[in-house]
Novice: 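Okay, handing you the structure first.
No hydrogens, no waters, no symmetry mates; every other heavy atom, side chains included, goes into these values. Order of the sequence lines sets the chain letters (A, B, ...), proteins ahead of strands, with each chain counted from 1. Here the structure is a predicted model, which is why all the values come from computation and not from measurement.
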Number of protein chains: 2
Amino acid sequence: MLLERPFRPDERLPTEAELSRDLGLSRQTVRKAFSDLVSEGLVYRVPGRGTFAVQGGQDGRYLRAFGPVDDILALTNDSDLEVLQPLARTIDIEAAGRMRQATDEVYAGLFRREHTAGPFMVTRICVPLDLGHGLAEHDSFAKPGVRSPATMIEHLERDMGISVAGALQSITAESATPELCKYLECALDSPVLRIDRLFFDVTGRFVELTINHFNPSRYTYRVEVRRRQTA
Amino acid sequence: MLLERPFRPDERLPTEAELSRDLGLSRQTVRKAFSDLVSEGLVYRVPGRGTFAVQGGQDGRYLRAFGPVDDILALTNDSDLEVLQPLARTIDIEAAGRMRQATDEVYAGLFRREHTAGPFMVTRICVPLDLGHGLAEHDSFAKPGVRSPATMIEHLERDMGISVAGALQSITAESATPELCKYLECALDSPVLRIDRLFFDVTGRFVELTINHFNPSRYTYRVEVRRRQTA
DNA sequence: CAGTGGTCTAGACCACATT
DNA sequence: ATGTGGTCTAGACCACTGA
């Protein structure tokens with residue numbers, strides 16, 4: 001209510017001091033309002049720089065859940081990533097489109113995650129060209145057969161200076177293709193869980209697309225969803 | 001850090017005034033700390049009464065996501081619930097156990113949700129005995145064949161005075177059984193999406209268990225997950 | 001250097017619960 | 001009447017950013 005939309009993506013919003021002065025409210029009240037906007041994912045704030053509008057397109061068809069993105073990758077704990085097809089520059093119109101890229105090219109590769117109990121997930125990972133350049137040199141993503149506890153998100157955050165803010169997930173069920181059977185050690189046409197994740201950073205830019213297939217006998221996706229508590 | 005665990009479920013915690021005095025902090029600082037605990041789902045607060053510990057058992061294996069529970073039921077929009085098997089008192093050891101009931105009995109029924117495009121979901125709904133008594137009289141749940149835009153959550157909240165706080169979800173893929181094929185209009189052994197939801201109220205008590213099977217060609221589960229922003 | 005957001009203190013008034 | 005959490009004001013200091 002406080003701020004009149006619309007703001008263009010990445011547009012800088014008025015500062016706390018300005019709003020406090022112009023609206024005749026205390027700074028703490030303005031801060032509370034901004035804090036709520038951040039919680040709703042409408043703006044992001046950078047200490048020393050200001051407050052900015054998030055890129056739009058969150059078309060409301062999605063449930064908005066708030067939680068540690070790190071935990072989405074909870075499967076990462078105690079699991080290794082194995083390179084099946086190294087990350088390489090590829091033409092992938094669909095992936096490029098879903099990440100809203102201007103080109104048809106992305107960096108893409110095929111990977112597998114395994115537990116002690118065996119492989120439970122095959123993932124195709126796609127990243128935009130500019131981010132892929134730096135990543136394609138890591139053995140963890142580029143060397144066929146290499147196993148490591150790597151996570152693409154970690155590399156994006158640590159080495160590329162990106163702050164991943166969240167992901168859009170689409171979850172469905174599919175039949176196992178011959179390729180999936182081979183990698184997941186399941187029967188042909190048996191049901192597999194498919195989860196697509198489109199990651200975005202704090203500015204709303206899409207930074208990674210993963211298409212994940214899970215062997216349901218070795219993995220169940222568990223999520224706790226909580227009603228937004230305004231307390 | 002502020003408060004030393006453990007607190008028993010529903011145990012009353014010190015008030016803001018007490019902590020502020022005893023710890024030598026301002027009340028606003030204590031409030032901020034409580035606010036964070038609420039966000040993490042560790043306590044709940046009731047105006048005029050106090051602050052209470054949430055029932056334990058959240059064993060940490062779950063991703064904690066924060067979002068409007070109402071939206072979990074987003075599928076509820078523009079969809080009707082059809083009674084396949086009315087809500088009735090039944091012995092269901094597994095359901096009773098998952099809801100941590102003392103007995104082996106629950107109220108359970110089978111329902112179906114349909115779009116204009118046709119049925120897309122079959123759901124088995126289980127509620128504890130004490131809650132079921134009041135619900136089994138609603139036509140929306142008790143009369144075979146009845147279709148209505150009902151939601152069990154709505155009834156729990158509006159008529160039973162329960163505040164649903166969230167749900168534990170387990171998501172996996174299964175093969176369609178003959179019964180599911182009939183109801184979901186899909187092929188035998190085709191993949192279906194299964195989502196189990198265990199709902200709890202603000203005190204941490206489990207109030208409903210639903211076992212949902214989706215026809216993946218008519219429904220995809222979409223969720224936006226965001227990293228918890230402490231801003 | 002001035003401006004930004006992040007944190008903290010201190011005090012006020014309110015609606016609501018309990019006694 | 002008392003005590004609870006919810007909200008607001010007013011002012012302070014800090015770390016960090018950018019010019």
Novice: Do A:R147 and A:E114 come close enough that some side-chain heavy atom pair is under 4.5 Å?
Specialist: yes

Novice: Looking at the side chain of B:R45, which of D:dG5, D:dT4, C:dT4 is the nearest nucleotide?
Specialist: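 The closest nucleotide is D:dG5.
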
Novice: Measure CD/A:E16 against P/C:dT7 and give the value in whole Å, please.
Specialist: 11 Å

Novice: For the atom pair CG (A:L209) and CZ (A:F199), what is the distance rounded to the nearest 0.5 Å?
Specialist: 9.0 Å

Novice: Using whole Å, report how far OH of B:Y44 lies from C1' of D:dT4.
Specialist: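 In whole Å, D:dT4 C1' and B:Y44 OH are 15 Å from each other.
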
Novice: Could you check B:V46 against A:T15 and say which one's nearest nucleotide on DNA chain C is further toward the 5' end?
Specialist: A:T15

Novice: OP1, OP2 of D:dG5 versus side-chain N and O of B:T51: anything below 4.0 Å?
Specialist: yes

Novice: Identify the nucleotide, in any strand shown, that forms a Watson-Crick or G-U wobble pair with C:dA17, with both distances under 3.5 Å; if there is none, say none.
Specialist: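 Base-paired to nothing in any strand shown.
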
Novice: Over how many whole Å does the gap from A:R21 atom CZ to D:dG11 atom P extend?
Specialist: 15 Å

Novice: Does C:dT9 have its OP1 or OP2 closer than 4.0 Å to a side-chain nitrogen or oxygen of B:T29?
Specialist: yes

Novice: Whole-Å distance between C:dG3 P and A:R27 CZ?
Specialist: 14 Å

Novice: Nearest whole Å is fine: how far is D:dC8 P from A:L23 CG?
Specialist: 13 Å

Novice: If I take atom CZ in residue A:R31 and atom P in nucleotide D:dT7, what distance separates them, rounded to the nearest angstrom?
Specialist: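 For the pair A:R31 CZ and D:dT7 P, the rounded distance is 16 Å.
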
Novice: In terms of the nearest nucleotide of DNA chain D, which residue is placed more toward the 5' end: A:S26 or B:P47?
Specialist: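 With A:S26 and B:P47 compared, the 5'-side residue is B:P47.
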
Novice: Against A:E16, only a single residue in A:R45, A:R21, A:Q28 fulfils side chain to side chain donor-acceptor pair (under 3.5 Å); can you say which?
Specialist: A:R45

Novice: CZ of B:F52 versus P of C:dA17: gap in Å, rounded?
Specialist: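 About 12 Å, once rounded to whole Å.
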
Novice: Whole angstrom is fine here: how far is it from CG in A:D36 over to C1' in D:dT7?
Specialist: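 Rounding to the nearest Å, CG of A:D36 and C1' of D:dT7 are 12 Å apart.
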
Novice: Evaluate whether atom CD1 of A:I91 has more than 12 neighbouring non-hydrogen atoms of other residues, nucleotides or ligands under 6.0 angstrom away.
Specialist: no

Novice: To the side chain of B:R49, which of C:dA17, C:dG6, C:dT9 is closest?
Specialist: C:dA17

Novice: State, without any angle test, whether B:Y107 and B:E208 hold a side-chain donor-acceptor pair at a distance under 3.5 Å.
Specialist: no

Novice: Examine the base of D:dG11 for any acceptor or donor lying under 3.5 Å from a partner atom in the side chain of A:Q28, and report the outcome as yes or no.
Specialist: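 For A:Q28, whose side chain was compared with the base of D:dG11, there is a donor-acceptor pair (under 3.5 Å).
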
